[in-house]
2 protein chains.
Amino acid sequence: MTDKIDSSLQKAQTECMRTGLRLTDKRSKVLKTLLQAGKPLSAYDIADQFKVSFSESLSAMSAYRMLDFLMQAGLVHKLETSNQYLACSHISCEHKHELPQFLICDQCHTVQEIGLGTHLLKELKDSIENTGFTLSSQQLELHGICAKCRADLSPQ
Amino acid sequence: MTDKIDSSLQKAQTECMRTGLRLTDKRSKVLKTLLQAGKPLSAYDIADQFKVSFSESLSAMSAYRMLDFLMQAGLVHKLETSNQYLACSHISCEHKHELPQFLICDQCHTVQEIGLGTHLLKELKDSIENTGFTLSSQQLELHGICAKCRADLSPQ
DNA sequence: TTGCAAAATGTTATGTTATAACATATTATT
DNA sequence: AATAATATGTTATAACATAACATTTTGCAA
Ligand SMILES: [Zn+2]
Ligand SMILES: [Zn+2]
Ligand SMILES: [Zn+2]
Ligand SMILES: [Zn+2]
C-alpha cells in the first residue's frame, strides 16, 4: 500500500521534472494526502488532513492553489458533482486517459476511475461532434451503486 | 417565443396535475424565469430575476426549495459543473429522456440539451454495468465550444 | 363551515465551497 | 548580489447551499 503511494509520488515527481513543472514539497504532500485517503476529499478536508498527517499548517486557500497545480499536471481530478478532489488512479501505471471517467457510489461514496473502451468513447465523441459542437477534454461522472453495496443490499 | 414559453408552462401545469404535484404560482413563476432566461442561472440569479420580472420578493432559500420541486418534477435540471439551473428543453415536446445530456459552451456559456442515440446510450450503460456497477439515472455534462463560437473563432 | 393536518412559503442564521487581493518567502537567472 | 518569477502565507469576502423554526395557505374531514 505504502509502496504504491511512494511509487506514485516518485512517478509524479519524475513526470513533473520531465515536463518542467515544479512538484514542490507541499504540493507533493497534498498529493500524498489524497493518495493516502484513497477517496475524494474537499479542499477543506485536505487542509485539515494535511495538518494531521504532517503537523504542518496549510490554509484552505493554499490547498486550492495546490490542487489547481496538481489538476493541471493531470495528477488530481475534481469531481464536479460533489466538489471533491481525488488523486488520479493512473499515476503509477502507463495508462493514458483523454477523458477521465468516474463511477461514484451514492451509498458508500467510493469512486472508481474507469477506462471505457476507446471504441465506445470514439462513438460518443463522434456523435457529439456531429452536432457541430467541439468537445474539449472533460470527464464523465456517473452515479449509482457499486458492486459491493449492491451485494450488501441484496444478500442472497 | 412567448408562445413556446406559455405552452411549456401550460404543459407543465397539466403534467403536474396528472401526477398529483402542486405547481403553485411561485413555482410556476420560477420555471417561467428560467424559460425566459433561456440559459442556466444560479439560484441567487433566479431570485434576483424573479424580483425584476414579477415585482415580487423571493428569497434565495425559497428559490432553492422551488428548484428542488421543479427538479423532482423533471421540469428543471441542475448543471453540476457550474452550479446552475435550467429549464428542461423537452417540456413542451413528447420527448422522454432517461439520461439528460448537456453540451456546455465554455465560450458563450450556452447549453444545449441533446439526445444521444439510444443505441449509444445502451452501449455506454452496458459497458458500465459490466463492471458490476449499477447506474442510477444521472446526466452527462460535456464541455467544449459550440458551433457558433467555433465559427466566430475561425471565420473563413 | 369549522377545525385540523399537511404542505408551502417566509425568515434568519449558519455551513460549505471558492476566489480576490496583497504580503512575504523561496527559487531561478543574470 | 541583484533581479524577476514563482510559490506560499494571510485576511477578507464572494458564491453556493442547508438548517431550523415561524407563518401562511391549502386540502380534507368532522
Ligand atoms: Zn485519472
Ligand atoms: Zn458502494
Ligand atoms: Zn430535460
Ligand atoms: Zn458558444
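Given the structure is predicted, the values throughout are model-derived calculations rather than measurements. The figures here come from the full heavy-atom set of this structure, side chains too, leaving out hydrogens, waters and symmetry mates.
- Separating the CD1 atom of B:I46 from the P atom of D:dA17 is a distance of 10 Å, rounded to the nearest angstrom.
- Considering every non-hydrogen atom in both A:P40 and A:V111, the closest pair reads CG-CG2, 3.4 Å.
- Grouped with A:L142 in one hydrophobic cluster are A:L99, A:L103, A:I114, A:L116, A:L120, A:L121, A:L124, A:I128, A:F133, A:L135, A:L140, B:L99, B:L103, B:I114, B:L116, B:L120, B:L121, B:L124, B:I128, B:F133, B:L135, B:L140, B:L142, the linkage being side-chain heavy-atom contacts under 4.5 Å among Ile, Leu, Val, Met, Phe, Trp and Tyr residues.
- Here C:dA6 presents its P atom at 19 Å from CG of B:L21, a figure rounded to the nearest Å.
- Both A:M71 and A:L35 belong to a common hydrophobic cluster when Ile, Leu, Val, Met, Phe, Trp and Tyr are linked at side-chain heavy-atom distances under 4.5 angstrom.
- Counted within 6.0 Å of CD on B:E129, heavy atoms from surrounding residues, nucleotides or ligands total more than 12; the atom is thus considered enclosed.
- Within 6.0 Å of CE on B:M17 lie no more than 12 heavy atoms contributed by other residues, nucleotides or ligands.
- Residues of residues 54-80 of chain B having a heavy atom closer than 4.0 Å to DNA chain D, listed by number: B:M61, B:Y64, B:R65, B:K78.
- If you check the side chains of B:Q84 and B:H109, you find no donor sitting under 3.5 Å from an acceptor.
- Look at CG on B:D45: it is 11 Å from C1' on D:dC16, rounded to the nearest Å.
- A:L23 and A:V76 fall within the same hydrophobic cluster, where Ile, Leu, Val, Met, Phe, Trp and Tyr residues are linked whenever their side-chain heavy atoms come under 4.5 Å apart, directly or through other members.
- Dashed line: the shortest gap from a side-chain N or O of A:N83 to OP1 or OP2 of D:dC16 is not under 4.0 Å.
- The distance between atom CG of A:D25 and atom C1' of C:dT27, rounded to the nearest whole Å, is 14 Å.
- Residues of residues 27-34 of chain A that place a heavy atom closer than 4.0 Å to DNA chain D, in numerical order, are A:R27.
- The hydrophobic clustering, which links ILVMFWY residues whose side-chain heavy atoms are closer than 4.5 Å, places A:L86 and A:F69 apart.
- Applying the 6.0 Å contact sphere to NZ of B:K51 captures more than 12 heavy atoms from other residues, nucleotides or ligands.
- For A:K26 and D:dG9, the shortest distance from a side-chain N or O to OP1 or OP2 is below 4.0 Å.
- Computed from coordinates, the A:D48 CG to C:dT16 P distance equals 11 Å when rounded to whole Å.
- The CE atom of B:M17 sits 14 Å away from the C1' atom of D:dT26 (whole-angstrom rounding).
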